[in-house]
Amino acid sequence: MVRKTLAGGFVAAAGLVALQSPAFAGGLERGGYNIDLLFDPGKVAAEAAATYVMPQRKLKNVQDVDTTSGAFPFNGTAAGNGGGDLNGLSTSADGSEGYWVPRIGIKAGIDNADCMFDYSEPWGAHKKPGRDWAGANEDIETKVESRNYALTCSYRFDAGPGQLRIIGGGFYQEVFGFQERLVQDFTGVPPAFGGLQSGVGRLDLEGDGWGWRAGLAYEIPEYAFRASLVYNSEVKLNDITGTLDLSQVNGTAPFDVYGSQSMPDVVELKVQSGIAPDWLAFGSVKWTDWSQLQKVRFFCKDPAAFAGCALPGGVTALDLGYRDGWTISGGIGHKFNEQWSGAASITWDRGTSQGYGTNTDTWTLGLGAAYTPNENVEFRLAGVIGVLTGGESGPVTLGGEAYGTRARYDFGDDLVTAISTSVKVRF
């Protein structure tokens, strides 16, 4: 009974789990990696998907930690590198921005071989708390974006009651973005001492690199069973280039900087299986090596460009201080009739922040539906609601390095929602 029922178009409900985007995960996760299209039973299949995420993270009880100033008359405090006393500004701020996560792909199969090309945006972040909060010396706006172009192939052969699939591929990745923060508050400073400048510094950066993936999958189509284990390698951005603009701080012309960093490697296990007529269970476990993102340091290409270029730790740095990420998800799918199927899932993501930053644990509930008017077209729509758990951010020491030395704040449990849609066409 189960065999006959699940052998039809029930794969639509199983695929709904892909719409529960990993965009809520910690670190710089956005769309992550997804190769589900490779398993589509059609000879040729194309898919386009988009997810819009709406986090509602609110920062409160904000304090400027270092109120020293390097600009006369030192704003009533001792001279130093704190950038001034910002504690007269707002003690709350918006710690998140909404964003889109797109994905497009096409897959073709010949005999037992399948190949898929896809475009995705696996990594990203966007915060824009602005200039008028007490933590502006930590962040005014930070935005990171990525583009990933991948080719993934597999070959399957009979093994027992099902088929074993060997998976391999490679991808080219671009990562780029900027950060603005208040380096020096010139409020009340006479023009002769820099009072006509905004005090805002800006770092722009970009880098690219190559990665690869390998994995195995075992499938028994008549039972809608599939188990896959896939490893995605790190992407070494060995030549991150950019500019540091301090012209509004000390009049220095923008100068070139460079750095290096690797984007994380990822291991993911996914399992799905028919459990009763028209019912399917699915789940996944993912590990992401976010702990390799700590301080991303930048150095001057021309050591004479600025006095700070002589600093041994670099002229500036992006402070992240992450720990490894774990994401666990599980759910149930149901086929209502030949055209409609649905699914529900629950996901827990372990936060990557360690006392600095707002990437705490996240719990989400996803609901989705798939409409298949015929065997060649499939539409999906899913919604997600979840909780970004509360916490605090402030000065901490991780691996002998100081983080969060510019601002202290806390945040409660906040809401996150998303809507996701996709269309798939088979030829």
Side-chain angles (χ1 to χ4, degrees), residues 27-28 30 65-66 70-71 81-84 86 93 95-97 99 123-131 133 135-147 173-186 194 197-209 235-263 292-322 356-359 393 401-407:
L28 301 176
R30 278 285 174 86
V65 172
D66 186 352
N81 297 318
L86 306 184
S96 59
E97 294 286 314
Y99 52 89
W123 320 123
H126 192 195
K127 299 183 296 179
K128 193 178 180 180
R131 165 63 178 82
W133 71 303
N137 54 359
E138 179 177 286
D139 189 21
I140 292 177
E141 182 175 9
T142 299
K143 191 171 186 179
V144 177
E145 300 178 90
S146 64
R147 292 188 285 256
Q173 196 167 109
E174 299 171 318
V175 180
F176 53 98
F178 68 88
Q179 182 183 64
E180 291 184 349
R181 70 176 187 88
L182 187 65
V183 179
Q184 175 60 54
D185 181 19
F186 286 113
Q197 300 177 115
S198 70
V200 175
R202 179 182 173 105
L203 172 68
D204 287 271
L205 56 89
E206 61 180 2
D208 57 19
V235 177
K236 294 183 178 180
L237 309 176
N238 288 328
D239 188 21
I240 303 177
T241 59
T243 58
L244 182 59
D245 187 351
L246 297 176
S247 60
Q248 289 297 306
V249 180
N250 53 28
T252 303
F255 53 91
D256 294 334
V257 295
Y258 70 93
S260 64
Q261 177 60 53
S262 293
M263 301 310 293
Q292 63 178 288
L293 278 79
Q294 299 297 312
K295 280 186 181 286
V296 186
R297 301 183 185 276
F298 292 91
F299 302 86
C300 303
K301 282 196 171 181
D302 179 4
F306 171 58
C309 292
L311 295 173
V315 66
T316 191
L318 292 178
D319 287 357
L320 299 174
Y322 292 153
Y356 167 68
T358 62
N359 289 324
S393 177
E401 298 276 5
Y403 296 81
T405 58
R406 299 187 179 104

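Heads up: numbering here begins at 1 and tracks the sequence.
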query: What residue among Leu205, Val315, Asp204 forms side chain to side chain contact (heavy atoms under 4.5 Å, CB included) with Leu244?
result: Val315
- request: Might you point out which heavy atoms bring Ala93 and Pro129 nearest each other, and give the distance in Å?
  value: CB-CB, 3.9 Å
statement: Asn137 and Asp66 have their tightest heavy-atom pair at ND2-O, 4.2 Å
task: List the steps, then state whether side-chain hydrogen bond (donor to acceptor under 3.5 Å, both in side chains) holds for Glu145 with His126.
output: CA-CA 9 Å; Glu145 300 178 90; His126 192 195; over 6 Å; no
Leu318 vs Phe298 side-chain heavy atoms within contact, under 4.5 Å: yes
message: Could you report the tightest heavy-atom contact between Met263 and Val175, atom names first, then the distance?
response: CG-CG2, 4.1 Å
field: Test item: Lys143 and Gln179 side chains (from C-beta on) under 4.5 Å apart, heavy atoms
entry: no
query: Does Gln248 use its side chain to pair, donor to acceptor, with the backbone of Gly201 at less than 3.5 Å?
result: no
query: Do Phe255 and Cys309 come within less than 4.5 Å of each other through their side chains, counting heavy atoms only?
result: yes
message: Between Gln184 (side chain only) and Gly70 (backbone N and O only), is there a donor and an acceptor less than 3.5 Å apart?
response: yes
Sequence neighbours excluded - side chain to side chain donor-acceptor pair (under 3.5 Å) pairs with any residue from residues 251-262: Asn250-Thr252
Point-to-point distance, once rounded to the nearest 0.5 Å, from CD of Glu138 to CZ of Arg406: 7.5 Å
- line: Rounded to the nearest 0.5 angstrom, the CZ-CD distance for Phe176 and Glu174 is 7.0 Å
query: Does Asp208 reach the side chain of Gln173, with side-chain heavy atoms less than 4.5 Å apart?
result: no
message: Salt bridge check, Arg131 against Asp185: does any charged N sit closer than 4.0 Å to a carboxylate O?
response: yes
task: Go through the structure and list residues passing ring-ring contact (aromatic ring centres under 6.0 Å, His included) with Phe178, not counting sequence neighbours.
output: none
message: So which atom in Ser393 and which in Gly357 form the shortest heavy-atom distance, rounded to 0.1 Å?
response: OG-N, 2.9 Å
statement: Scanning both residues in full, the closest heavy-atom pair of Leu28 with Tyr322 reads CD2-OH, 3.6 Å
message: Taking the side chain as everything from C-beta on, heavy atoms only, tell me whether Thr405 gets closer than 4.5 Å to Val65.
response: no
field: Neighbour count >12 (heavy atoms, 6.0 Å) for atom CD, Glu206
entry: no
message: Between Val257 and Thr243, is there a side-chain heavy-atom distance shorter than 4.5 Å?
response: no
message: Can a donor-acceptor pair be found, under 3.5 Å and without considering hydrogens, that links the side chain of Trp133 to the backbone of Ile140?
response: no
query: If you take all heavy atoms of Ala71 and Phe186, which pair is closest and at what distance?
result: CB-CE2, 3.9 Å
- request: Could you note down all residue pairs passing side chain to side chain donor-acceptor pair (under 3.5 Å) where residues 304-320 supplies at least one of them, sequence neighbours left out?
  value: Lys295-Asp319
- line: Rounded to the nearest 0.5 Å, the NZ atom of Lys301 sits from the OG1 atom of Thr241 at a distance of 5.5 Å
message: Between Arg30 and Trp123, is there a side-chain heavy-atom distance shorter than 4.5 Å?
response: no
Carboxylate-amine/guanidinium contact Glu180 Arg202, below 4.0 Å: yes
field: Point-to-point distance, once rounded to the nearest 0.5 Å, from CD of Glu97 to NZ of Lys127
entry: 11.5 Å
